[in-house]
Amino acid sequence: MKIERVELLHIAVPLVKPFRTSFGTMDSKDTFLLRVETDAAEGWAEFGGDPDPLYSSEFTAGAELVLRDFLVPRVAAVRDLTSAKAGPAMAAIKGHYMAKAALETALLDAELRAAGMSFATFLGSVHDRVPSGVSVGIKPSIPELLDDVQQYLDEGYVRIKLKIEPGWDLEPVRAVRERFGDDLPLQVDANTAYGLSDAEHLRKLDEFGLLLIEEPLDEDNLYQHAQLQRRIATPVCLDESIHSARDAAAAIAMEACRVVNIKPSRVGGYLEARRIHDLSRAAGVPVWCGGMLETGIGRAPNLALAALPGFTLPGDTSASSRYFAEDLTEPFVLEDGHLRVPQAPGIGIDPIPEVLRRFTLARRDVG
């Protein structure tokens, strides 16, 4: 391929309700799409980060700069460009995994569209639909939490994830267990809100039979996560701490986790995400696909990834209606607790032009 144009579209899509975690509250999905024109086809990708560097050190304005000034020029200079060559071309630039993921994904989309191949086929998916879990944010009260969980279960979601933080952990989990029973697949996500000194408090979660506790301690602190895992029975799952297959291998070897959350944007793209899947599966460690409140542009390839054989736990691949009254694409709809994996070439879906225009705040060329 040869890159002819790289366009950045700044979008803001309102959420159906505010989404609160331990690091803040979101009212809209404010990010950007990357559209790459090549001499073979057009490709799309969604930046996984947010306007502020809270979940990650990356943020939208910084990603735009690094794409424009460093990543796109390096990749555009590659002769006989393929998506597989993009990663090595960007490797000299430290970090910026989400920006790299957006560019690599858009190129992969274009490459696969030109070849008439779907993401699912390319990645090696073995299912045509995947079970869908839902992430429930921190609520003002227990009754509101229970109402939301009831709504999601009525809609058919097969797993519930509760966001937690100090002061909002044992009681909401207990309330959900008492209301919906021990058979409900339930997990919690702390988004790095605790310290190792909280180990005895977190051990109290063991009585609730959780699938896992996600990223309870500071990111990139595998040693302390390993210490915590030795003190609690609930499986520790790592999210923010895993940036590569190398990180995943170290975490598994140190017994810092028993489950891995794979977010393609966080690890630099779908090629590295597949490597993490392969490594974890070989080690007998279950993986699942996390989410960043993606629009349909980001959700479609996530579903293809989640259909790989090692993804044995339901992911945060929720239906479009979980977050948006109107998605940028044709909506993904829950069917018996599952979402269908797109089978059309590339990511298998396109933005709806009129909807995209309404939610686009600005367009800029970055290459």
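Put simply, the side chain of D109 gets close to the backbone of W44: a donor and an acceptor are under 3.5 Å apart. Using a distance-only test at 3.5 Å, with no hydrogens or angles considered, a donor-acceptor pair links the side chain of H225 to the main chain of N221. Checking side-chain atoms of S22 against main-chain N and O of A190 turns up a donor-acceptor pair under 3.5 Å. Q343 places a side-chain N or O within 3.5 Å of a backbone atom of V341 that can act as its donor or acceptor partner.
Taking the charged nitrogens against the carboxylate oxygens, R340 and E335 do have a contact shorter than 4.0 Å, which makes a salt bridge. The existence of a salt bridge linking D80 and K85 is excluded, since no basic side-chain nitrogen approaches an acidic carboxylate oxygen closer than 4.0 Å. Ion pairing between a basic and an acidic side chain is recognised when a charged N comes within 4.0 Å of a carboxylate O; R113 and E42 show no such pairing. Here R274 does not pair with E272 in a salt bridge; the nearest charged N to carboxylate O distance is not below 4.0 Å. Contact check on R68 versus E64 returns no salt bridge, with no Lys/Arg side-chain nitrogen under 4.0 Å from an Asp/Glu carboxylate oxygen. Of the charged side-chain nitrogens involved, none lies within less than 4.0 Å of a carboxylate oxygen, so that E4 and K2 do not count as a salt-bridged pair. Remark: R357 does not engage E354 in a salt bridge, criterion side-chain N to carboxylate O under 4.0 Å.
When the shell of 6.0 Å around CZ of R203 is examined, it contains 12 or fewer heavy atoms from other residues, nucleotides or ligands. Residue D336 places its CG atom among 12 or fewer non-hydrogen atoms of other residues, nucleotides or ligands, all under 6.0 Å distant. By the 6.0 Å contact criterion, CD on E255 is open, its count of non-hydrogen atoms from other residues, nucleotides or ligands being 12 or less. Other residues, nucleotides and ligands contribute at most 12 non-hydrogen atoms within 6.0 Å of the CZ atom of F70. Residue R246 places its CZ atom among 12 or fewer non-hydrogen atoms of other residues, nucleotides or ligands, all under 6.0 Å distant. For CD of E330, the number of neighbouring non-hydrogen atoms (other residues, nucleotides, ligands) closer than 6.0 Å is 12 at most. By the neighbour-count criterion of 12 heavy atoms within 6.0 Å, atom CG of D365 is densely surrounded, having more than that number from other residues, nucleotides or ligands.
Among all heavy-atom pairs drawn from A101 and P264, the shortest one is CB-O, 3.9 Å. Closest approach of A89 and V78 over heavy atoms only: CB-CG2, 3.6 Å. In this structure, V16 and F324 approach most closely via the heavy-atom pair CG1-C, 3.5 Å. Shown here for A251 and I242, the closest heavy-atom pair between the two residues is CB-CD1, 4.0 Å. In terms of heavy-atom proximity, A319 sits nearest to S132 at N-OG, 4.4 Å. Between D327 and G296, the shortest heavy-atom contact is OD1-N, 3.0 Å.
Under 3.5 Å, the side chains of K263 and Y55 contain a donor-acceptor pair of N or O atoms. Side-chain polar atoms of H243 and D220 form a donor-acceptor pair below 3.5 angstrom. Using modelled atom types, one finds a donor on one side chain and an acceptor on the other under 3.5 Å when comparing D206 with T234. Defined by atom type and a distance below 3.5 Å, a donor-acceptor pair is missing between the side-chain atoms of T82 and E111. Between the side chains of E214 and N261, at least one donor N or O lies within less than 3.5 Å of an accepting N or O. Judged by distance alone, the side chains of N191 and E240 do bring a donor and an acceptor atom under 3.5 Å apart.
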Extract all donor-acceptor atom pairs below 3.5 Å that involve side chains of residues 300-318 and protein atoms in other chains or at least two apart in sequence.
residue	atom	partner	partner atom	Å
N302	OD1	Y270	OH	2.7
N302	ND2	E294	OE2	3.2
D316	OD1	R159	NH1	3.3
D316	OD1	R159	NH2	2.5
D316	OD2	K161	NZ	2.7
S318	OG	G133	O	2.8

Assess the residue pair E165 and K163 against the criterion (salt bridge (Lys or Arg N to Asp or Glu O under 4.0 Å)); give the C-alpha distance rounded to whole Å, side-chain angles, the decisive distance to 0.1 Å, and a yes or no. CA-CA 7 Å; E165 65 180 3; K163 294 288 187 177; over 6 Å; no
Show the numbers, then the answer: is there a side chain to side chain contact (heavy atoms under 4.5 Å, CB included) between V6 and L67? CA-CA 10 Å; V6 181; L67 280 162; over 6 Å; no
Can E58 and K100 be said to form a salt bridge (Lys or Arg N to Asp or Glu O under 4.0 Å), step by step? CA-CA 11 Å; E58 294 187 66; K100 291 175 180 178; over 6 Å; no
Report the C-alpha separation of L108 and F122 in whole Å, then their side-chain angles, then the decisive distance to 0.1 Å, and conclude whether the side chain to side chain contact (heavy atoms under 4.5 Å, CB included) test is met. CA-CA 10 Å; L108 181 56; F122 173 79; 3.9 Å; yes
Check the pair V287 / R281 against side chain to side chain contact (heavy atoms under 4.5 Å, CB included), numbers first and verdict last. CA-CA 8 Å; V287 300; R281 189 181 183 212; over 6 Å; no
Would you sort out whether F32 and L9 count as a side chain to side chain contact (heavy atoms under 4.5 Å, CB included), showing the intermediate values? CA-CA 5 Å; F32 64 78; L9 296 84; 5.9 Å; no
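Between I276 and V260, some side-chain heavy-atom pair lies under the 4.5 Å cut-off. When side chains are defined from C-beta on, P216 counts as touching L202, because their heavy atoms get closer than 4.5 Å. Counting only heavy atoms from C-beta outward, the side chains of L210 and V188 approach each other to under 4.5 Å. By the 4.5 Å heavy-atom criterion applied to side chains, I11 and L361 are not counted as neighbours. Side-chain contact between F332 and I349: present, with at least one pair of heavy atoms (C-beta onward) separated by less than 4.5 Å. M26 places a side-chain heavy atom less than 4.5 Å from the side chain of L15. Side-chain contact between L33 and F47: absent, with no pair of heavy atoms (C-beta onward) separated by less than 4.5 Å. Using a 4.5 Å cut-off on side-chain heavy atoms (C-beta onward), T21 and L54 make no contact.
No cation-pi contact links R299 to Y323, judged by a cut-off of 6.0 Å to the six-membered ring centre and 45° from its axis.
Once rounded to the nearest 0.5 Å, the distance linking CG of D218 with CG of L196 reads 10.5 Å. Here L238 contributes atom CG and Q229 contributes atom CD; the two are 9.0 Å apart, rounded to the nearest 0.5 Å. Taking CZ from R179 and CG from L146, the interatomic distance works out to 5.5 Å, rounded to the nearest 0.5 Å. For the atom pair L293 CG and T31 OG1, the distance stands at 11.0 Å (nearest 0.5 Å). Note that CG of L153 and CG of L184 are 5.5 Å apart. Values are rounded to the nearest 0.5 Å. Expressed to the nearest 0.5 Å, how far CG of D247 lies from OG of S241 amounts to 8.0 Å.
One hydrophobic cluster holds both L217 and W168 under the rule that ILVMFWY side chains link at heavy-atom gaps under 4.5 Å. Under the 4.5 Å side-chain heavy-atom criterion for grouping Ile, Leu, Val, Met, Phe, Trp and Tyr, V75 is not connected to L271 through any hydrophobic cluster.
With sequence neighbours excluded, no residue satisfies side chain to side chain donor-acceptor pair (under 3.5 Å) with D39. Scanning for side-chain contact (heavy atoms from CB on, under 4.5 Å) contacts around D148 gives K17, V136, K139, Q151, Y152, with sequence neighbours left out.
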